[in-house]
Amino acid sequence: MSEKVRTRFAPSPTGYMHIGNLRSALYGYLFAMKEKGEFILRIEDTDQNRYVDGATQIIYDTLADAGISYSEGPDKGGPYGPYLQSERKEIYMEYAKKLIEKGAAYYCFCTPERLASMKDTSVADSNGVTRYDKHCLSLTKEEVEANLKAGIPFVIRQNIPPEGKGTYHDMVFGDVTVDYKDMEDGILIKSDGMPTYNFANVVDDHLMHINYVIRGVEYLSSTPKYNLMYDAFGWERPHYMHLSPVMKDAQHKLSKRNGDASYQDLVAKGYVKEAILNYIALLGWAPKDNSEKMTLAEMVEKFSVDGLSKSPSIYDEAKLRWLSGEYMKELSDEEFKKRAQPFFEQSKAYGKYDEDLLVKLLKSRIEIFGEIPAKIDFLEEYDAFDPSLYDNKKQKCNKEVAKAILPKLYEAMKGWEDYSNAALYEALVAFAAAEGVKNGQVLWCLRIAITGASVTPGGASEMAELLGKQRCLDRLQRAISALS
RNA sequence: GGCCCCUUGGUCAAGAGGUUAAGACAUCGCCCUUUCACGGCGGCAACAUGGGUUCAAUUCCCGUAGGGGUCACCA
């Protein structure tokens, strides 16, 4: 590759950014960076009907948050702008006219009624498919001029050859061939003067010097149409890399419509964002050395097209969760604290504990930040609990054991001053030895007694430290009276 | 339905003619252990199918089945 690689991410602002979208952006970015090229953002907002307010901002924010940077884009500028298709309307018309001059496109004045009537099965081909019949192709120059002058609404259609085949080489799928007779004379310029994707894409990619087109497989079989235009213009065809989709299950693509995870949903649930990006990179791609946990920079370094898979990949949140946990453990205490903040705030216990201590306990125990509230609510909520919580076969513990141990332990603990984990642990073990019971019996009973929870983010001494002496003794007392 | 494309364990996936068919997640079991985790060790589990080609096919070719995409004045 002697020419400088220029690739682009070209989303349409129709809502939230889902995992599949982000992944396309990621792959484009990885490829461009790997090849020391440029990655560009272009917003495809030619369909006003589908435009969703704020969607463009979500695209900027998501890419920025994920660390996928582009050198040119609507919000960054660049030498080939504007990068917002709606601002390029005149350009498309100008090029569409060039295509008409070359005979590769033509004006079409057919009414919606006529078009609708063609859908009638009486004119369908043997496969039951109706295609535009090239009716307006036969219009003379004079007729076209007259219609134009009369202000009759028109569209511009691509003139697909009636015969022949289009073949091209896809970087992941290999050679792809499609018969021209299976293609329709698609609309290039809509009656509102806006281009369709089919056309804007070709014009913009060329004008923006995009030489590697990376996009979803849904364009795999329509690509020959685009090549026809490149050829007609006398432009060099770009290289194509089509990406298989991310699925929700074996037969459904991931979609926002079904409430499937978007990047921001996952962040809101508390997944570590680096893990999200890392995981989606792995959905459909595997590096040569089979690494799994990688930073963005490592992904760039390891990226190669032959590691892309051709078949769809099913999104598995369980694995994402695991990866998030891996990243979680590596977060520094400060970073963890910072990112966990909003989740601490969701807990009823917020502000009523030593946060630094909790950070250490929680870090290796959660995979996503969203687990935090449920994990620490016991710090604030302490209600009567089922004494069966004391039952633990392995620790040889049960309600009766608790009844015997707890009052003595309460008396002992009243005298202890150092409520740090280490000192408590030492004292508790000594207590167990003095009483002639197993460590586990004391520790288990105590933990249950002061937390009222079967699962806590640490053991008895850690929970006692977290609660502090006073709360510890209060709860112990309540637990004892509940037992009698 | 026509056309294009895809098919390795439950999931993500290595392997590209000869392998005991990797690894990861999930799952199960054991160890560690003050619960839960973490960590360590181990188990279960796959080449959709039928024909070829070949000394040898998971790997190459053809068919079948299954799945995805496409057939819009949406991208």
Side-chain angles (χ1 to χ4, degrees), chain A residues 10-12 14 44-47 49-50 108 112 115 125-131 153-157 170 173-174 176-179 181-184 186-198 200-201 215-224 242 244-245 247 249-253 279 282-293 307 309-323 325 329 361-367 375 389 392 394-395 397 425 428-429 432 438-444 446-448 451 453-463:
Chain A
S12 27
T14 55
E44 312 225 325
D45 57 347
T46 54
D47 185 4
N49 298 323
R50 294 213 309 165
C108 172
L115 261 17
D125 67 10
S126 56
N127 301 318
V129 177
T130 56
R131 287 192 199 79
F154 67 90
V155 298
I156 294 177
R157 311 184 88 109
D170 181 87
F173 288 91
V176 176
T177 300
V178 181
D179 231 305
K181 69 171 161 50
D182 293 319
M183 301 191 235
E184 185 175 39
I187 291 172
L188 268 21
I189 298 288
K190 298 181 262 190
S191 54
D192 64 1
M194 279 291 208
T196 57
Y197 166 86
N198 300 137
N201 204 258
R215 60 181 22 158
V217 259
E218 59 268 33
Y219 302 108
L220 193 71
S221 52
S222 51
T223 294
H242 287 99
S244 56
M247 311 289 283
D249 55 48
Q251 36 269 107
H252 305 284
K253 261 173 98 163
Y279 176 69
L282 257 22
L283 262 188
W285 173 68
K288 282 275 171 293
D289 63 4
N290 263 307
S291 312
E292 294 217 292
K293 188 163 172 296
S309 76
K310 299 183 201 176
S311 43
S313 308
I314 299 173
Y315 167 75
D316 177 16
E317 198 154 327
K319 185 152 188 178
L320 200 209
R321 208 181 166 98
W322 163 77
L323 239 197
K329 275 171 263 172
L361 293 174
L362 249 19
K363 219 163 72 172
S364 68
R365 268 169 254 259
I366 60 172
E367 295 178 309
K375 280 255 192 301
L389 278 183
N392 184 298
K394 203 173 147 199
Q395 306 294 350
C397 202
Y425 184 69
L428 286 166
V429 169
K438 289 174 52 97
N439 291 348
Q441 291 178 304
V442 173
L443 295 163
W444 180 275
L446 176 60
R447 189 181 65 83
I448 296 300
T451 63
S454 60
V455 176
T456 54
S461 55
E462 286 159 325
M463 294 305 99

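For clarity, every value in this text was computed on a predicted model and none was experimentally measured. The sequence lines fix the lettering, A, B, ..., with proteins before strands; numbering per chain opens at 1.
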P spacing across the pair rG10(B) / rU49(B), given as an integer number of angstrom
13 Å

Using the P atom on both, measure rU64(B) against rC5(B) and round to a whole Å.
15 Å

What's the gap between rC71(B) and rC62(B) when it is taken at their P atoms, as a whole Å value?
27 Å

Can you see if the side chain of Ser12(A) gets near the phosphate of rC74(B) - specifically, an N or O under 4.0 Å from OP1 or OP2?
no

Inter-nucleotide C1' distance (rA65(B), rG50(B)), Å rounded:
10 Å

Complement of rG63(B), any strand, by Watson-Crick or G-U distances under 3.5 angstrom:
rU49(B)

Could you check how far CG of Asn201(A) sits from C1' of rC74(B), rounded to whole Å?
13 Å

Nearest heavy atom decides the nucleotide; on that basis, is Asp179(A) or Ser311(A) closer to the 5' end of RNA chain B?
Asp179(A)

Can you see if the side chain of Lys190(A) gets near the phosphate of rA75(B) - specifically, an N or O under 4.0 Å from OP1 or OP2?
yes

Quantified in whole Å, what is the C1' atom distance between nucleotide rU59(B) and nucleotide rC73(B)?
47 Å

Whom does rC55(B) pair with, Watson-Crick or G-U wobble, provided both distances fall under 3.5 Å?
rG18(B)

Suppose we call a contact any N or O donor and acceptor under 3.5 Å apart; does that hold for the side chain of Lys394(A) and the base of rU33(B)?
yes

Determine the interatomic distance between C1' on rG39(B) and the same-named atom on rC32(B); round to the nearest Å.
8 Å

Stacking between rU34(B) and Tyr425(A), yes or no? Criterion: centroid separation under 5.5 angstrom, plane angle under 30 degrees.
yes

Check whether any side-chain nitrogen or oxygen of Ser309(A) sits under 4.0 Å from OP1 or OP2 of rA13(B), and answer yes or no.
yes

Whole-angstrom distance between rA14(B) and rU7(B), as gauged at atom P
11 Å

Any strand is fair game: report the nucleotide pairing with rC30(B) by Watson-Crick or G-U wobble, both distances under 3.5 Å, or none.
rG40(B)

Given the P atoms of rA16(B) and rC4(B), what is the spacing between them in whole Å?
29 Å

Roughly, in whole Å, what's the span from CH2 in Trp322(A) to C1' in rG39(B)?
14 Å

From C-beta outward on Arg365(A), which listed nucleotide comes closest to its side chain: rC36(B), rG69(B), rA26(B)?
rC36(B)

